[in-house]
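Position 1 is the first residue of the sequence, and the numbers go up from there.
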Amino acid sequence: MKILFMGTPDFAVFTLRALVERGENVVGVVTQTDKPRGRGYELLPTPVKVYAQEHNIPVYQPKTLRGEEFAAQLAEIDPELIIVVAYGKILPVNVLEYPKHGCINVHGSLLPAYRGAAPMQRAIMDGCASTGITTMYMAEGLDTGDMLLKRELPILDEDNFE
């Protein structure tokens, strides 16, 4: 099955690495554009881009997912499944509906709690005893869709976001 992976930060690399190590057919990676970081505002690639390049996976960094340019790229890639982990943008309907097996999101909280950005950080800041990961089919909206799997993990006193 042809899988398109969409993600940006270190958190997303764990899932991408698992797919690659399992021998899944990851045909491309979509990640945010390179951003200036650090004291010298050096233009740095995202962690997902770095991992993809190290494993010879084609990288796409569209400024927007809306419009004909990305639609043409998506048709060229022609994925059967899209897996999204902390990509950082809401997917438009044409992207959600493209792959025949749908889009799956790996979200860093036990939904429905902590929808949106920074779910792990907010769980720690709120003093929660546990958090976890929710895997779900994606639908229009933010962190909506049928849930597939939830895995709860304790938050220990020494835990921080990293």
Verdict with reasoning, Thr46 to Thr8, per side-chain hydrogen bond (donor to acceptor under 3.5 Å, both in side chains): CA-CA 6 Å; Thr46 71; Thr8 300; 5.5 Å; no
Surrounding [atom1] of [X] (heavy atoms of other residues, nucleotides or ligands, distance under 6.0 Å), is the total greater than 12?
X      : atom1 : result
Arg151 : CZ    : no
Lys100 : NZ    : no
Gln53  : CD    : yes

Salt bridge (Lys or Arg N to Asp or Glu O under 4.0 Å) contacts in which one or both residues fall within residues 47-64, not counting sequence neighbours: Asp34-Lys49
Listed once per pair and sorted, the salt bridge (Lys or Arg N to Asp or Glu O under 4.0 Å) pairs that draw on residues 85-94, sequence neighbours left out: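 The answer is none; no pair qualifies.
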Scan the side chains in residues 72-85 for donor-acceptor partners under 3.5 Å anywhere in the protein, sequence neighbours excluded, and list what turns up.
{"residue": "Asp78", "atom": "OD1", "partner": "Tyr98", "partner atom": "OH", "Å": "2.7"}
{"residue": "Glu80", "atom": "OE1", "partner": "Lys2", "partner atom": "N", "Å": "2.7"}

Worked check of side chain to side chain contact (heavy atoms under 4.5 Å, CB included) between Met1 and His101: CA-CA 9 Å; Met1 178 180 321; His101 296 292; 3.8 Å; yes
For Phe5 against Val26, the heavy-atom pair lying closest together: CB-CG1, 4.3 Å
To the nearest 0.5 Å, how far apart are [atom1] in [X] and [atom2] in [Y]?
X      : Y      : atom1 : atom2 : result
Met138 : His107 : CE    : NE2   : 11.0 Å
Glu97  : Cys103 : CD    : SG    : 9.5 Å
Ile104 : Tyr137 : CD1   : OH    : 5.0 Å

Cluster link Phe14 to Val30, ILVMFWY, side chain under 4.5 Å: no
ILVMFWY cluster, Tyr60 and Val27 together (side-chain gap under 4.5 Å): yes
Student check: side-chain heavy atoms of Val59 and Val48 closer than 4.5 Å: no
Flag side-chain contact, heavy atom, 4.5 Å: Phe70 against Val95: yes
Residues which pass ring-ring contact (aromatic ring centres under 6.0 Å, His included) with His55, listed by chain and number, not counting sequence neighbours: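 Partners of His55 by the ring-ring contact (aromatic ring centres under 6.0 Å, His included) criterion, ordered by chain and then number, come out as Tyr51.
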Test side chain to side chain contact (heavy atoms under 4.5 Å, CB included) applied to Leu44 and Lys35, step by step: CA-CA 6 Å; Leu44 295 176; Lys35 303 254 189 306; over 6 Å; no
Qualifying side-chain hydrogen bond (donor to acceptor under 3.5 Å, both in side chains) pairs with a residue from residues 10-29, counting only residues at least two apart or across chains: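 Qualifying pairs, neighbours excluded: Arg22-Glu24.
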Side-chain donor-acceptor contacts of residues 126-136 below 3.5 Å, not counting sequence neighbours, with atom names and distances?
{"residue": "Asp126", "atom": "OD2", "partner": "Tyr114", "partner atom": "OH", "Å": "2.6"}
{"residue": "Ser130", "atom": "OG", "partner": "Glu152", "partner atom": "OE2", "Å": "2.6"}
{"residue": "Thr134", "atom": "OG1", "partner": "Ser109", "partner atom": "O", "Å": "2.6"}
{"residue": "Thr134", "atom": "OG1", "partner": "Leu111", "partner atom": "N", "Å": "3.0"}

